[in-house]
Amino acid sequence: MHDQADHLRRLMRGTRQARAGVAASRSIVAVGAKGGVGTTTIAVNLAVSLARRGQDAVLVDGDLGKADAGALCGLGDGPTVVDVLAGRRRVEDVLQPGPADVRVLPGAWATGHLTDCDAAAQQRLLDGLAGLSGITVIDAGCGLHRVLERFWRSADHVLLVTTPDDTSLMDAYACLKTLFPRHGDVPVHVVVNGAADQEQCRETHARLARAGRRFLGIDLPCAAQILTSADVAAAGQRRIPFVRSAPACQATRSMEQLAQFFEIAAASSARMEAKEKFGQRIQALHA
């Protein structure tokens, strides 16, 4: 846990200022280059951790064509992200209450290829999300496709989820190699999921970080380390967030530290944004 805390302190010191017109740390996109690495689990538990800290948290099932995030939150039937993409509903009309008062935009199981939805439809979704208050966590799923790239491009922070196995690491690097050069202004943080112990976490992160520095010239800090445990496995089987069912386990403590980082970063960004707006009003008065 000391490794993660040190990484998060460095992240906090180096958090970038808001990009033009966008408050930093308000939009967090969780991505995985390979299926089965736990992207949905990370997104759901982060959103719940933020809400438990008193944040206005929104969870978006952006893994189009699936509904895993909603299932993990125990949601029932109702409108979904498909209705927003099609222009039939506004984002705020589709949100459902989830665990710890998280507002959830549920996904939908679909036989079609929602990952091929056009840019206008996804922009409609992103515009709707931009109008919401609080911190938005988007489960963007896995695989290199246009929808994932648009989510990445729109994010204030990207959480790149990987596991220790070689295929997962190679796919994570391939994702970085494809998307980072085109959207290098978005900070990327690594989440190591499913490691046996802290040493395996450090080794997994080190391998990916070395490749990032050597071939892409980027730093890839480790934002969270989620160890394999019976508590996490049991929560998955019961389809509930582990931060609620196992508050004392290592995985929960790790998610709480990550939520604290984003909470502080968002508050800092809000103050910076308010200061900037105040300065603009003063300038307008003297113009």
Side-chain angles (χ1 to χ4, degrees), residues 1-15 28-50 72 137 139-142 157-177 180 187-216 218-237 241-243 245-265:
M1 294 300 292
H2 292 296
D3 287 344
Q4 181 183 340
D6 291 341
H7 281 308
L8 291 177
R9 281 192 288 270
R10 288 195 293 271
L11 283 175
M12 190 66 254
R13 289 195 294 268
T15 296
I28 305 160
V29 174
V31 303
K34 176 179 177 291
V37 297
T39 307
T40 298
T41 299
I42 298 302
V44 170
N45 281 278
L46 175 58
V48 173
S49 295
L50 285 164
L72 192 54
V137 181
D139 171 18
C142 303
H157 290 268
V158 167
L159 293 177
L160 180 61
V161 184
T162 186
T163 60
D165 72 87
D166 291 340
T167 301
S168 177
L169 277 169
M170 288 188 294
D171 287 346
Y173 174 73
C175 184
L176 278 170
K177 184 178 179 181
F180 188 84
V188 179
H189 318 297
V190 176
V191 176
V192 179
N193 187 35
D197 50 38
Q198 295 288 347
E199 181 59 32
Q200 190 176 42
C201 278
R202 286 191 288 268
E203 181 184 351
T204 300
H205 168 247
R207 291 174 63 189
L208 187 56
R210 281 196 299 268
R213 284 193 298 269
R214 180 177 179 182
F215 300 109
L216 300 175
I218 61 174
D219 289 324
L220 294 171
C222 184
Q225 303 169 348
I226 309 299
L227 303 185
T228 298
S229 73
D231 290 327
V232 172
Q237 291 171 356
F242 61 73
V243 296
S245 63
C249 79
Q250 178 277 337
T252 295
R253 296 196 301 274
S254 187
M255 295 308 300
E256 287 175 344
Q257 285 190 348
L258 186 58
Q260 182 183 31
F261 162 71
F262 285 119
E263 177 187 31
I264 295 171

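Position 1 is the first residue of the sequence; numbering continues from there.
The distance from the OG1 atom of Thr252 to the CD atom of Gln257 is 12.0 Å, given to the nearest 0.5 Å. Atom CG of Leu220 sits about 12.0 Å away from atom CZ of Arg210, to the nearest 0.5 Å. For the atom pair CZ (Phe215) and CG (Leu176), the distance works out to 13.0 Å, reported to the nearest 0.5 Å.
Listed for the His189 side chain is no donor-acceptor partner under 3.5 Å among the backbone atoms of Ala224. Within the 3.5 Å criterion, the main-chain N or O of Pro164 finds no donor-acceptor partner in the side chain of Gln200. Side-chain atoms of Thr228 do not come within 3.5 Å of backbone N or O of Ala196 as any donor-acceptor pair. Side-chain atoms of Ser254 come within 3.5 Å of backbone N or O of Gln225 as a donor-acceptor pair. Not one N or O on the side chain of Asp139 forms a donor-acceptor pair closer than 3.5 Å with the backbone of Val44.
Looking at every heavy atom in both residues, Gln250 comes nearest to Leu227 through OE1-N, 3.0 Å. Across all non-hydrogen atoms, the minimal contact from Val137 to Ala43 is CG1-O, 3.6 Å. Shortest non-hydrogen contact noted between Ala33 and Ala172 is CB-N, 3.6 Å. Taking both residues in full, the closest heavy atoms of Ser168 and Thr162 are given as OG-OG1, 2.8 Å, listed atom of the first, atom of the second, then distance.
In this structure, Phe180 and Val158 have side chains that are not in contact, with every pair of non-hydrogen atoms separated by 4.5 Å or more. You'll find the side chain of Leu208 reaches within 4.5 Å of the side chain of Leu160, heavy atoms only. Side-chain contact between Val37 and Thr163 is present, with at least one heavy-atom pair separated by less than 4.5 Å. The shortest distance between side-chain heavy atoms of Val192 and Cys222 falls below 4.5 Å. Contact annotation: the side chain of Pro187 approaches that of His157 to within less than 4.5 Å [non-hydrogen atoms, C-beta and beyond]. Under the 4.5 Å side-chain criterion, counting only non-hydrogen atoms from C-beta, Ile226 is not in contact with Thr41. You'll find the side chain of Phe262 reaches within 4.5 Å of the side chain of Leu159, heavy atoms only.
Tested against Met255, the residues Val48, Leu50, Asn45, Val191 include a single side chain to side chain contact (heavy atoms under 4.5 Å, CB included) partner, Asn45.
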For this session: Could you walk me through whether Asp231 and Ser229 pass the side chain to side chain donor-acceptor pair (under 3.5 Å) test, one step at a time?
Result: CA-CA 5 Å; Asp231 290 327; Ser229 73; 4.9 Å; no
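In this structure, Arg253 does not pair ionically with Glu256, as no charged nitrogen and carboxylate oxygen lie closer than 4.0 Å.
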